Every structure is written in structure tokens, then in C-alpha cells.
There are 2 protein chains.
Amino acid sequence: MRRYQQQTRILLAVDCIIVGYDGTELKLLVIQRSFEPFKGQWSLVGGFVQENESAEDAAKRVLKNLTGLDGLYMEQLQTFTSPLRDTVERTASIAFFTLIDIQKYRQQLSEDYHPAWFSINDVPHLIFDHNEMVEQAKEKLRYKAALHPLVFELLPNKFTLPQLQNLYECLYNKTFDKGNFTRKVLSTKLLVKMKDKDKQSSKKGAFYYKVDPKRYNADFHSFTNFVSVPSLLNSIPKK
Amino acid sequence: MRRYQQQTRILLAVDCIIVGYDGTELKLLVIQRSFEPFKGQWSLVGGFVQENESAEDAAKRVLKNLTGLDGLYMEQLQTFTSPLRDTVERTASIAFFTLIDIQKYRQQLSEDYHPAWFSINDVPHLIFDHNEMVEQAKEKLRYKAALHPLVFELLPNKFTLPQLQNLYECLYNKTFDKGNFTRKVLSTKLLVKMKDKDKQSSKKGAFYYKVDPKRYNADFHSFTNFVSVPSLLNSIPKK
DNA sequence: TCAAAAGTGTTCACAGTACACCCATGC
DNA sequence: GCATGGGTGTACTGTGAACACTTTTGA
């Protein structure tokens, strides 16, 4: 049995897959790497884990630095540990999956990093194994969003049901029946109807809704599915 | 932007949550730690990631060492990185979730580690944050087994439908209707009926079935649920 | 008044559930 | 023959899917 002293110590990094929704499609936020090697190439937002912080702390720090925002939805995806994944020195990277309201983000954007949004279906070549991380995040998002009310993290506080439907349609790349979608969403009692309407996208106008925070927090884990499970499973591409 | 040179390097370990099923209940395999500190205390099976291996390689090595078995079902659960989780020196640990056919295991068991099986509902105090890892694994297993045909990894090659049902009943701590369960399982076409019966648990005897490997591999990701999704979600304890 | 999008109602098929009943066998 | 557990048949119910229809309003 090997003891502590004899072991190799390695660098530990975090990389964030930041997903947003601009009203039309799902977007991924990437930056231009600011140091060598591969300076100037597209990369996920990331950083090294510091001495007195956990990986979660590190991810929060990195996100705050870039966006100015706290309290973003964030979860561990997977840790990438292939010995040669980083060409400089062995580094394990914990990938974090993050959802962001693209509206809130816009104002706070720090330009130092030369960030850019890409359509999630058209991601450029990223350094190291970052493209693989993105693929995993996409799969996870589709999987989880069918069972839990994740997607509200991607929407502004006020949104309409057609907007919500469009988001689901982007996510699963299929169309849903208007009527059935509305009924299913409202049957969860998760949304509160507001008095005002969005009139931009139609003449009649669609009522705004907001998430009922009490129910949202209570029901996050025990949520019934907007997307039926067979259709969820059929939508997920085989590995 | 910090550079590589300035960063802290830390130890990277793997810990395996090894789950088995003895025909009556779900079991967790733990060992007695063989070195200080906490020598002799219960611990998950683990080890340090070596210089030229990935975390997956390390987990496979550790499992092979302990059980003599290759090709066990294994997936990354989460990485634990709290700075003080290991009292000796900062160590990040990648938790792996492993399913094993307890029968195959028995013969191969290396006694060097003083391993022991505990009921998964009655796990002793484990070192560091290992109990937390176990809790996560339990949740993950229940979640995933409802959507994917995971549980066959826990059963011998030949098994009866009542055995399978009992396994699901352990997992979700509820009873299922015999007839409905049978129909649902068989409707997946995943199982092949054999000619012989198990006569140990009843006079009539129950036919053995085996997994059709072709369908198993093809359908692993696109599997319909044995357990309905609302009941899955209701079964999962809130965090 | 017409087009366009929001929102409602209705029907149908099927999956989940409950439960009665038949079957094979050892004692 | 009868108790025991395996296995089948069937009726009820609720949900998902399809689609026709009404509503609102700007042009």
C-alpha cells in the first residue's frame, strides 16, 4: 500500500461550460486564452484551484470574475484526468456546467477576456479536451431539463409560455404541440401568471409568467417531466 | 491571469463505491484502512492516481487488485475537493460508482484488505467524507436504474423475474405488482427466457432469464423505464 | 376584415395500476 | 388435496398526442 509521501501531486483546474439562451438559440460562452501555450485560441472559462478553496469555490470565483454575477446555477459534470490532456504539465480539470440568464450577463461582461457567444450547435475548435466537455454538458442539459425545472435559469425573470416552449424546442430540436405544452407546464403550478403581456412577437400578445420561488425550490428534485421520458431518451444521441 | 508555475499541486485519489446484491439486499463493500492515520477504520476502496494513468485507470487498477475482476460497471460520480477533507495533506478524490455481481466476486476476494459487506442502509462510519460519497451513490443508483438497465450488473448471468423484482423492490423500498412488473420487463425484449427453472424459492419454480447482450448494448441509453418517472422522483429523498 | 399567434376543448390510444384468477409442484 | 409462489387475463384510469376551434389585436 502506497503512502502519501511517494505520490505525484498534480495541478487541479476548473473549466466552466456556460450556457445561455438568447431567445432564439442556445449559446455557449467561450474566451480567448490569454496566455501561452495556445494563447489567443478559444477556450472554456477556467482557472486553477487555489490552496484554500474547493473546486466549487474556484468555479464561483472564475464566474464572478468574468460575469460579475453570483449565485449562478452550477453543477459538477465530470473530471478529466487523462495524463496528457494538458500539454504543459499534468492537470486534472473538473468541468462545471453553468446556466446563465444572458440578459443579466450582458451588462456585466468583462471584456478583458475577449469572450464570445457561439451557437451550441456550432462550437469552434477549443483547446485541450474542452470540446468533449461541451458535448457532455449538452447531453446533461437535455437529460436533466426533461426531469427538472432547470431551464428557468436560462430565462429572464419574466417570460411568456411561447418563449419557454421555444427554449424546449431548441433543446430537443423538435416541436411541441402548443396546447399540450401549455397545459403541462401550468399543471405543475410552478408558474405565476402576471398581468402584463409581451406584445412584441404577436398581435394578441402573450401573458408574462414568473417562477413561484417557493414552489421552485421545494419541487426542484421532485418535478414531473415537461418532456415525456420516452421522447427524452429517443432524443439523446447515442455515444 | 495566473500561470502554471505559481499554482499549488495536490494529490489526486480515487474512491470506489462498490455495490452488490446478495439476493436479499443491496450491499456496500468497504475495507479496513491499512495505514495511518485512521488505520483500521472503515473506508471505501481507493488509491492514489499514478503518474501515467487517468483516474479511470486508477479505479480499474484498484478494483482489479481487490476483486481480481475486470470490466466492472463503473462511472464517475463526483469529485470531492474540500481543502480539509483529508487530514494529512490536501487530496482531491474522484468518487467512482461501481456495480458488481457479488457471486463472481466471492471467490476472488483478496483478504489482504480485510474487506466487509454492509447493508447499504446500514453503513458504518467511514473515514473522511466517504459516507457522503455513499449517499450520493445511492441516489445516483436509484435515479439511473429507473431509466437504464443498470441493475443487471448486480445479478448473476442467470436470474429469475422474481429475483429481478426483489432487486427493484430493495432499490425503491416499495413493492411492485407481480404481473405488471413481469409484463413491463418482458416488453423491453431485453431478456431471453431459458429452459431451466430455479426451484429453490418455490415449488412451481421460476424460469431463468439472461440478458440479450446485443439488445443490452444497443439499448442501454434508450431504455424505457421499469419504474415510472413520477414514482422515481417521489422516491428520491430531498437533499 | 383578414392574418397571425395565443390560448382552449375534445377525442383517441395507450401505459400504468389494481386485482382476480389459473398453473405447477412439493408436501 | 392443498398451500405456495409463479404466471396470465382483464377492466379501469389518467396521461400524452393530435388537432379542431375560439380569441385577440394590429395592419
Side-chain angles (χ1 to χ4, degrees), chain A residues 23-24 145-147 155 158-169 172-209 222-235, chain B residues 23-24 145-147 155 158-169 172 174-210 222-235:
Chain A
T24 308
L147 298 166
L155 290 169
K158 284 165 61 173
F159 53 87
T160 66
L161 293 180
Q163 279 168 17
L164 181 64
Q165 181 173 350
N166 186 271
L167 173 48
Y168 273 97
E169 291 181 347
Y172 295 101
N173 202 27
K174 62 187 261 190
T175 57
F176 296 100
D177 180 89
K178 241 185 322 171
N180 298 333
F181 185 84
T182 305
R183 263 187 300 272
K184 197 158 184 185
V185 169
L186 294 180
S187 75
T188 65
K189 311 272 189 197
L190 206 72
L191 300 186
V192 181
K193 191 177 193 168
M194 304 186 71
K195 296 214 169 122
D196 48 336
K197 282 183 167 187
D198 166 47
K199 292 248 188 173
Q200 290 189 310
S201 60
S202 79
K203 291 160 187 166
K204 185 176 176 185
F207 281 104
Y208 282 116
Y209 285 80
S222 59
F223 192 70
T224 39
N225 40 314
F226 286 170
V227 182
S228 76
V229 171
S231 80
L232 156 70
L233 292 169
N234 293 333
S235 317
Chain B
T24 309
L147 298 167
L155 291 169
K158 284 165 61 174
F159 53 87
T160 66
L161 294 180
Q163 281 168 16
L164 182 64
Q165 182 173 348
N166 186 270
L167 173 49
Y168 273 97
E169 291 181 346
Y172 295 101
K174 61 187 263 190
T175 57
F176 296 100
D177 181 88
K178 245 188 316 175
N180 298 333
F181 185 84
T182 304
R183 264 187 298 273
K184 196 158 184 184
V185 169
L186 294 181
S187 75
T188 65
K189 310 274 188 196
L190 206 71
L191 300 186
V192 180
K193 192 177 193 167
M194 304 186 70
K195 294 212 170 125
D196 48 337
K197 282 184 167 187
D198 166 47
K199 291 244 187 176
Q200 290 189 309
S201 61
S202 79
K203 292 160 187 165
K204 184 175 176 183
F207 281 104
Y208 282 115
Y209 285 81
K210 63 177 181 185
S222 59
F223 193 70
T224 39
N225 40 314
F226 286 168
V227 182
S228 75
V229 171
S231 79
L232 156 70
L233 292 169
N234 293 333
S235 319

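As the structure is a computational prediction, the values presented were derived from the model and not from experiment. A note on names: the letters A, B, ... follow the listed sequences, proteins ahead of strands, and every chain is numbered from 1.
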Problem set entry | Mutual orientation of the aromatic rings belonging to A:Y168 and A:Y172 [parallel < 30°, tilted 30-60°, perpendicular > 60°] | parallel
Here the pair of heavy atoms bringing B:R183 nearest to B:N180 is NH2-OD1, 3.0 Å
When rounded to whole Å, the OH to P distance for the pair A:Y168 and D:dA17 reads 14 Å
To the nearest angstrom, the NZ-C1' distance between A:K193 and C:dT8 comes to 11 Å
Closest non-hydrogen atoms of B:S202 and B:G205, given as atom of the first, atom of the second and distance, are OG-N, 2.9 Å
A:L186 atom CG is separated from C:dA6 atom P, nearest whole Å, by 14 Å
Would you indicate, yes or no, if C:dG16 has its OP1 or OP2 atom less than 4.0 angstrom from a side-chain nitrogen or oxygen of B:K184? yes
note: A:D198, atom CG; D:dT24, atom P; distance rounded to Å ~ 18 Å
Taking only nitrogen or oxygen atoms into account, show me every contact under 3.5 Å that the protein makes with nucleotides 9-13 of chain D, one pair per line with its distance.
{"residue": "D:dG9", "atom": "N7", "partner": "B:R183", "partner atom": "NH1", "Å": "3.2"}
{"residue": "D:dG9", "atom": "O6", "partner": "B:R183", "partner atom": "NH2", "Å": "3.2"}
{"residue": "D:dT10", "atom": "O4", "partner": "B:R183", "partner atom": "NH2", "Å": "3.3"}

The answer to which of A:S201 and A:T182 contacts DNA chain C further toward the 5' end, by nearest nucleotide, is A:S201
Smallest heavy-atom separation, B:N166 atom then B:T24 atom, equals OD1-O, 3.9 Å
Whole-Å distance, B:L161 CG to D:dG5 C1', equals 13 Å
In 5'-to-3' order, the base (B), backbone-only (S) or no-contact (-) status of each nucleotide in nucleotides 22-27 of chain C, using a 4.0 angstrom heavy-atom cut-off, is -BBBB-
A:F181 atom CZ is separated from C:dA5 atom P, nearest whole Å, by 18 Å
Heavy-atom closest pair (B:F181 atom, B:L161 atom, distance to 0.1 Å) is CE2-O, 4.1 Å
From CD of A:Q200 across to P of C:dA5 the rounded distance in Å is 14 Å
Residues pairing under salt bridge (charged side-chain N to carboxylate O under 4.0 Å, His left out) where one sits in residues 187-197 of chain B, two or more places apart or in two chains, turn out to be B:K158-B:D196
Taken to the nearest 0.5 Å, the spacing of B:K178 NZ from B:Q165 CD works out to 8.5 Å
Separation of C:dC21 atom C1' from B:K178 atom NZ, nearest Å, is 10 Å
Per side-chain contact (heavy atoms from CB on, under 4.5 Å), B:D198 is matched among B:F207, B:Y208, B:F159 by B:Y208
Does the A:E169 side chain pair with the main chain of A:F176, one donor and one acceptor, at a distance under 3.5 Å? yes
